[in-house]
Amino acid sequence: MRIWNRAKLLWAYLTRRSRTNALPVEYIVETTAKCNLYCPMCPREIHKQPKEDMTDEVFGRLVRESNHTGEHMMLIGLGEPFLDPKIFDRIEYCEQHGISTLLSTNGTLLDEANAQRLLDTPLKHVTLSFDGSTKESYEFYRKGARFEKVRDNFVRFAKMKAERKAPIQVVAQMVRMEKNAGEVDDFVRFWSAVPGVDAVRIKEDETNLMRPDAGHGTEDWKHPCHYLWRGPMYVKHNGDVYPCCQSYMLDGKPLGNVREHGLKQIFDSEEMQRMRRLHLNGRAHEIDICARCCTTIPHPVLVAGSLLFHGETVRKLLPVIERLTYFSKLPRRLLSPPKRIAKKEDLVRIDSPK
């Protein structure tokens with residue numbers, strides 16, 4: 001069923017259809033809206049979040065509806081996963097339904113006990129978010145966290161993973177921004193030498209809080225965005241569903257809610273089809289949230305390739321592809337990062353119906 005679902009998505013993407021008759025391969029699921037840090041580049045600082053977790057009703061319905069099509073769920077969002085008291089149960093629940101899982105953590109709560117519990121779960125991937133190689137840059141971007149403590153938490157976890165020979169993929173990740181851009185080589189060198197770290201990811205900043213003039217201009221939209229066909233779709237803790245994580249952060253409206261609408265109804269809704277048509281016609285810049293989006297746009301070859309493989313495999317390959325491209329080992333055109341935002345007068349706002 002999952003292979004057939006992927007085939008339908010690939011067919012819709014290659015034949016430039018606005019209706020997929022399928023469901024996303026991946027989901028970003030915000031199981032909690034709670035966080036314990038202040039980070040100036042995080043959208044939660046301008047989109048105030050309640051101290052709430054996703055209910056069992058919403059999470060259960062989402063997993064059950066994607067049971068035969070969903071391949072990978074990233075249990076992340078605008079909250080810190082370890083503040084969700086049910087995070088370990090949610091990982092197990094996904095596994096019971098044949099869906100692999102990923103976590104991304106700021107590391108403040110990854111003590112030895114939580115590290116042990118996490119390694120006991122069937123979690124397939126974990127991203128260790130550590131935005132800097134120096135105390136100065138790291139604590140500028142991760143206010144409320146201590147450089148030495150989080151670094152030690154991450155190193156201990158990776159070593160525990162290595163000692164146990166656990167199959168989980170561990171990725172050390174730095175988001176490249178102004179204050180840490182000069183630390184990339186040191187970051188790669190340090191984390192590549194830590195036992196248990198499988199990949200080092202240097203990720204481009206995909207928010208425009210630190211650089212409000214960033215976005216995609218008219219000339220950047222040569223290819224339609226992969227999010228609209230393969231996902232991941234973004235599910236907020238309250239069940240609201242957005243076409244991607246960027247759409248919520250850029251004040252887009254939800255396409256529906258898991259408690260009220262089926263996933264098929266949402267994914268092939270009139271609004272999703274309208275957005276796909278505009279992308280296919282090279283008019284994505286007319287959609288306000290897309291014009292201001294800072295997500296890197298992959299070449300259609302990469303998008304098609306991502307639909308030939310299981311979502312879990314794609315997640316494993318992603319850091320490698322990014323590093324090879326950003327360090328000029330592969331053609332730069334395979335990944336198009338944002339350059340500038342289109343002029344305000346050139347934009348036409350297109351929102352989802354209420």
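Starting from 1, each residue takes its place in the sequence as its number.
- Shown here for Arg16 and Asn281, the closest heavy-atom pair between the two residues is NH2-N, 4.3 Å.
- For Ile3, the CD1 atom is loosely surrounded, since the number of other residues' heavy atoms within 6.0 Å does not exceed 12.
- Under the 4.5 Å side-chain heavy-atom criterion for grouping Ile, Leu, Val, Met, Phe, Trp and Tyr, Leu255 is connected to Val25 within one hydrophobic cluster.
- Neither side chain, Glu45 nor Tyr38, offers a donor N or O lying under 3.5 Å from an acceptor on the other.
- In this structure, the side chain of Lys34 does not engage the main chain of Gly79 through any donor-acceptor pair within 3.5 Å.
- One finds a salt bridge joining Arg176 and Glu204 here, because a Lys/Arg side-chain nitrogen approaches an Asp/Glu carboxylate oxygen to under 4.0 Å.
- For the pair Asp198 and Lys161, the salt-bridge criterion is met [side-chain N within less than 4.0 Å of a carboxylate O].
- Between Leu83 atom CG and Thr32 atom OG1 the span is 6.0 Å, to the nearest 0.5 Å.
- Counting only N and O atoms by type, the side chains of Thr105 and Glu80 include a donor and acceptor under 3.5 Å apart.
- With Phe157 as the aromatic partner, Lys159 does not meet the cation-pi criteria of under 6.0 angstrom to the ring centre and within 45 degrees of the ring axis.
- Atom CE of Met272 is separated from atom CZ of Arg277 by 12.0 Å, given to the nearest 0.5 angstrom.
- Cation-pi contact between Arg151 and Phe130: absent, since separation from the ring centre below 6.0 Å together with deviation from the ring axis within 45° is not met.
- How far NZ of Lys86 is from OG1 of Thr31: 11.0 Å, rounded to the nearest 0.5 Å.
- Screening Leu103, Ile91, Val126, Leu75 for a side chain to side chain contact (heavy atoms under 4.5 Å, CB included) involving Pro81 leaves a single residue, Leu103.
- To the nearest 0.5 Å, the span separating OH on Tyr141 from CG on Asn180 amounts to 5.5 Å.
- Checking His72 against Glu26 by side-chain atom types alone, no donor-acceptor pair falls below 3.5 Å.
- Hydrophobic clustering (side-chain heavy atoms under 4.5 Å, transitive across Ile, Leu, Val, Met, Phe, Trp, Tyr) keeps Phe82 apart from Met74.
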Leu102 vs Lys124, side chain to side chain contact (heavy atoms under 4.5 Å, CB included): CA-CA, chis, key distance, verdict:
CA-CA 6 Å; Leu102 173 149; Lys124 296 298 190 297; over 6 Å; no
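- Side-chain atoms of Gln49 do not come within 3.5 Å of backbone N or O of Arg44 as any donor-acceptor pair.
- Taking 4.0 Å as the cut-off between side-chain N and carboxylate O, Arg315 and Glu312 do not count as a salt-bridged pair.
- Between the side chains of Asn257 and Arg259, at least one donor N or O lies within less than 3.5 Å of an accepting N or O.
- We find that Arg61 and Glu65 are joined by a salt bridge, their nearest charged nitrogen and carboxylate oxygen being less than 4.0 Å apart.
- Taking the centre and axis of the six-membered ring of Tyr248, the NZ or CZ atom of Lys236 falls inside the cone set by 45° and 6.0 Å.
- Distance alone, capped at 3.5 Å, places no donor-acceptor pair between the Thr127 side chain and the Ser129 backbone.
- Checked by atom type, the side-chain pair Thr69/Ser66 shows no donor-acceptor distance below 3.5 Å.
- Residue-environment remark: NZ (Lys135) exceeds the threshold of 12 foreign heavy atoms within 6.0 Å.
- Between Arg2 and Gly70, the shortest heavy-atom contact is NE-O, 2.7 Å.
- Atom CD of Glu112 has 12 or fewer neighbouring heavy atoms from other residues, nucleotides or ligands inside a 6.0 Å radius.
- Residue Arg142 comes nearest to Cys39 through the heavy atom pair CD-SG, 3.6 Å, listed as atom of the first residue, atom of the second, then distance.
- For His97, the NE2 atom sits in a packed shell: over 12 heavy atoms of surrounding residues, nucleotides or ligands are nearer than 6.0 Å.
- When all heavy atoms of Ala158 and Val194 are compared, the closest pair comes out as CB-CG1, 3.9 Å.
- Contact between Cys290 and Ala284 at its shortest, heavy atoms only, is CB-O, 3.5 Å.
- The two atoms that bring Leu308 and Leu10 nearest to each other are CD2-CD2, 3.7 Å, heavy atoms only.
- For the pair Arg276 and Tyr227, the cation-pi criterion (under 6.0 Å, within 45° of the ring axis) is not fulfilled.
- Counting only N and O atoms by type, the side chains of Asp205 and Thr207 include a donor and acceptor under 3.5 Å apart.
- Rounded to the nearest 0.5 angstrom, Arg274 CZ and Leu228 CG are separated by 13.0 Å.
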### Message
For Asp186 and Arg189: C-alpha separation, side-chain torsions, deciding distance, then whether salt bridge (Lys or Arg N to Asp or Glu O under 4.0 Å) applies.
### Response
CA-CA 5 Å; Asp186 288 339; Arg189 189 179 304 111; 2.7 Å; yes
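- Taking the six-membered ring where the residue is Trp, Tyr138 and Phe147 present perpendicular rings, their angle passing 60° and hence far from 30°.
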Please report the C-alpha distance between Lys179 and Glu139 in whole Å, then the side-chain angles of each, then the deciding distance to 0.1 Å, and finally whether the salt bridge (Lys or Arg N to Asp or Glu O under 4.0 Å) criterion is met.
-> CA-CA 11 Å; Lys179 288 187 180 295; Glu139 293 186 359; over 6 Å; no
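- The local environment of NZ in Lys51 is sparse, with at most 12 non-hydrogen atoms from other residues, nucleotides or ligands closer than 6.0 Å.
- Asn106 contributes a side-chain N or O that, together with a main-chain N or O of Thr108, makes up a donor-acceptor pair within less than 3.5 Å.
- For the residue pair Glu71 and Ser100, no side-chain donor N or O sits within less than 3.5 Å of a side-chain acceptor on the partner.
- The pair Arg292-Asp288 meets the salt-bridge criterion, since a charged nitrogen lies less than 4.0 angstrom from a carboxylate oxygen.
- Counting heavy-atom neighbours within 6.0 Å of Glu52 CD, excluding the residue itself, gives a total above 12.
- Within a 6.0 Å sphere centred on CD of Gln96, heavy atoms belonging to other residues, nucleotides or ligands number more than 12.
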